[in-house]
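These notes are about the structure you will find just below.
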Amino acid sequence: MLYRILTLLRKEFIQLFRDKLLAPFVLLGPLSELLMIAWSTSQGIDHLPTAVLDLDLSPASRALVTAMENSETFDPYTVASLDDVTADIAGGRAMAAWVIPPGFQAQLLDADEAAPVQLVVDGSDVMAAQTAVDVGEGVAAAYGQSIMMQTVGTSGGVPLEMSLRVWFNEELKESNFMIPSELGFIAAAIAAMLASMMIARERELGTLEQLMVTPIRSLELVIGKSALAFALGYTEFLLMLGMVVWFFDVPLRGSLALLMLIAFIYMLVELGWGLMISAVAKTQMQALLIAFAVVMVMIIFSGYAFPVETMPPLMRLIANIFPLKHWLIIFRSILLKGAGLEVFWPQLLAILGLGTLIYTGTITLLRQKKLE
Amino acid sequence: MADEWVIETEGLTRTFKKVTAVNNLTLQIKRGEIFGLVGPDGAGKTTTIRLLAAILDPTGGSAKVDGFDTVAQPEPIKRRIGYMAQRFNLYGDLSVWENLNFFADVFEMTGTERQERIEMLLNFARLTEFRDRHAAHLSGGMQKKLALACTLIHTPDIIYLDEPTTGVDPVSRREFWDILTDLHLQGITLVVSTPYMDEAERCSRVGLMYQGGLVVCDTPEAIKAMTEGELIALWPSDLRRAHDILLGTEGVLEVQTYGDQLRLFARDGDDIMARLQATLTEHNIQLADARRTSPRMEEAFISLIRRQMNEKP
Ligand SMILES: Nc1ncnc2c1ncn2[C@@H]1O[C@H](COP(=O)(O)OP(=O)(O)OP(=O)(O)O)[C@@H](O)[C@H]1O
Ligand SMILES: [Mg+2]
């Protein structure tokens with residue numbers, strides 16, 4: 001059995017390297033996509049035109065505006081009244097607005113009382129709004145922190161890098177976390193798609209029929225054919241992880257070994273989708289289209305594009321049947337919280353359970369189908 | 001003598017969503033014979049072969065190959081058979097050599113036996129000088145020979161060939177059949193589907209399929225003898241009208257058209273020969289020639305299928 005699987009694998013390798021487009025496409029495509037997303041989330045959402053209504057006109061309020069400016073997320077300009085704020089946001093001239101109330105400085109200096117500052121954002125651009133909120137919170141927090149340090153008379157408070165704060169989402173808000181979630185998912189989707197296409201290709205070219213009269217069994221065929229796709233996907237994952245950690249300074253707080261192991265399991269589960277598709281698709285084109293549709297549905301339901309919290313309850317419930325949702329939680333916990341199994345074991349169990357379901361379905365389908 | 005049958009089917013049936021591709025087929029194939037499966041497009045030849053190759057499960061009935069049931073025991077069957085599909089089914093982006101090696105690997109062949117087998121097959125299929133060429137870049141005839149070589153790699157006892165010479169030039173076709181004859185002489189059982197009647201004539205026995213069923217199954221000689229009446233070939237000036245006129249003539253059983261000639265089955269050959277000239281002249285049709293002849297497979301098949309069509313309208 002192993003020998004026949006290896007034989008298949010060797011053939012796949014030869015074919016892969018003979019195909020001048022596939023390997024570069026598979027390996028470089030997602031990497032460049034990751035770069036683009038990184039670029040658009042970092043470059044795209046900054047210098048948001050920001051209206052500032054400073055009703056305090058104190059050194060403290062001016063310092064806050066400077067802190068905002070330094071964050072590079074906001075491009076503050078001053079307005080005279082609350083009406084201007086509303087008009088500018090409604091008219092699209094400002095993406096965000098700060099309203100600093102009278103007495104801001106006084107409240108700041110009073111150690112007991114928090115200084116309320118209002119941040120208004122244009123909710124129509126979800127990404128920009130989310131970024132503004134996150135950076136805004138960061139700015140306010142950092143500002144508050146430095147003020148507090150001054151009042152207790154301690155020096156050397158470390159000013160926080162605001163732009164980094166948002167990216168890496170210190171508070172673990174699940175929404176604006178495009179880059180890291182991109183990681184495991186894109187790699188898994190590529191592996192699943194590739195596997196389904198590789199099997200569909202054998203069917204399309206008729207070579208599957210030829211393989212069926214050899215001692216190769218369908219399980220061996222599926223393993224042999226998908227192993228390479230999986231290996232490519234996993235390599236992809238590691239490359240992306242390296243890129244994100246080294247180039248984008250995403251923290252890796254948890255155990256790398258644990259992350260790699262769970263990523264392996266998760267990707268294996270997602271591969272099951274690809275194999276299920278391959279059991280029904282007659283041509284490569286069909287396989288690709290079905291895979292795309294599945295990926296779209298996953299994206300919508302899994303909090304990848306929209307935060308799960310904003311979905312209607314029914315959708316939130318449905319989201320649980322996609323391994324992606326659980327993976328995202330685990331991934332973020334390991335990466336950012338440095339969490340271990342004790343935190344996300346329910347999600348891991350969910351992934352394992354879903355994997356069992358997916359593979360049971362896939363094997364049943366493959367058995368049934370034979371040749372049609 | 002039960003052992004004589006290497007393939008036996010019992011009411012074999014395969015239905016796809018709407019079509020019944022193979023309908024209640026009961027058939028026996030002898031060890032060592034060249035069995036021809038003949039029939040028009042869509043008759044169910046490919047489906048029958050797939051069922052016998054154990055890559056498709058029947059929806060009814062059963063089939064045994066070398067004593068093994070195709071549904072329950074497909075694995076031992078796969079080791080004994082070679083299957084060459086109607087369509088080119090090899091890897092176009094692998095070379096001749098790599099294709100052969102891949103199948104040798106799949107059948108877990110090793111050592112010198114494997115090397116010798118591959119060299120022998122390359123030689124046998126006359127592909128030695130093309131060993132490094134990608135399969136996709138071979139001519140149609142060479143692709144068929146490579147496919148045959150790949151199906152022979154594990155020295156099967158039974159080989160299924162689905163329209164192996166369709167789309168191949170006449171010279172290559174002849175060459176291909178010479179190769180098949182060699183295999184036959186080695187004692188291998190060959191099941192060949194073909195749309196060509198001259199190829200059917202080279203088989204030990206022939207099964208005629210029509211709409212999924214077996215119309216007749218016998219030696220070419222016996223099948224030819226099944227035709228009713230005596231055959232006359234004639235070359236009239238107006239084929240179409242002559243066809244209709246003769247069909248209405250007393251004592252004529254059947255008229256078939258072939259190129260510029262008509263072939264006519266008569267209850268009494270001499271009687272028709274005597275009246276032929278007069279009948280046609282009466283309708284202003286000239287007759288260049290007319291002679292008694294013996295039926296070929298082609299006439300026999302058309303005649304049998306027509307009879308079948310008339311029986312179940
Ligand atoms: N996988 C399939 N799904 C649905 N219908 C099928 C399938 N395979 C064959 N058929 C149908 O079954 C019938 C018999 O097909 P089959 O291919 O066995 O005929 P054939 O004698 O080999 O014809 P040809 O000379 O065209 O190769 C046809 O009507 C065909 O459309
Ligand atoms: Mg066919």
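What you see below is based on every heavy atom in this structure, not just the backbone, and it leaves out hydrogens, waters and symmetry mates. Note on naming: letters A, B, ... go to the chains in the order of the sequence lines (proteins, then strands), and numbering restarts at 1 for each one.
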Taking all non-hydrogen atoms of both residues, which atom of [X] and which atom of [Y] are closest, and how far apart?
X: A:Arg4; Y: B:Val106; answer: CD-O, 3.6 Å
X: B:Arg50; Y: A:Glu209; answer: NE-OE2, 2.6 Å
X: B:Arg79; Y: A:Pro215; answer: NH2-CB, 3.5 Å
X: A:Leu211; Y: B:Phe102; answer: CD2-CE2, 3.6 Å
X: A:Thr207; Y: B:Asn89; answer: CG2-O, 3.2 Å
X: B:Tyr83; Y: A:Gln210; answer: O-NE2, 2.7 Å

In plain terms, say whether B:Glu98 and A:Arg18 are close enough for a salt bridge, that is, a side-chain N and a carboxylate O under 4.0 Å apart.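 Looking at A:Arg18 together with B:Glu98, the answer is yes, because their closest N to O distance falls below 4.0 Å.
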Do the charged groups of B:Asp105 and A:Arg10 touch, with an N to O distance under 4.0 Å? yes
For B:Tyr160, is it the side chain, the backbone, both, or neither that has a heavy atom closer than 4.5 Å to a heavy atom of chain A?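 Neither part.
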Taking side chain as everything from C-beta outward and backbone as N, CA, C, O, which of these in B:Glu75 sits under 4.5 Å from a heavy atom of chain A? Side chain, backbone, both or neither.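 For B:Glu75, the side chain is the part near chain A, not the backbone.
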Just by modelled atom types, is the A:Met212 backbone N or O under 3.5 Å from a matching donor or acceptor in the B:Lys78 side chain? yes
Counting heavy-atom pairs closer than 4.5 Å to chain B, which one of A:Leu205, A:Ile14, A:Leu6 comes out on top?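 Option with the top pair count is A:Leu205.
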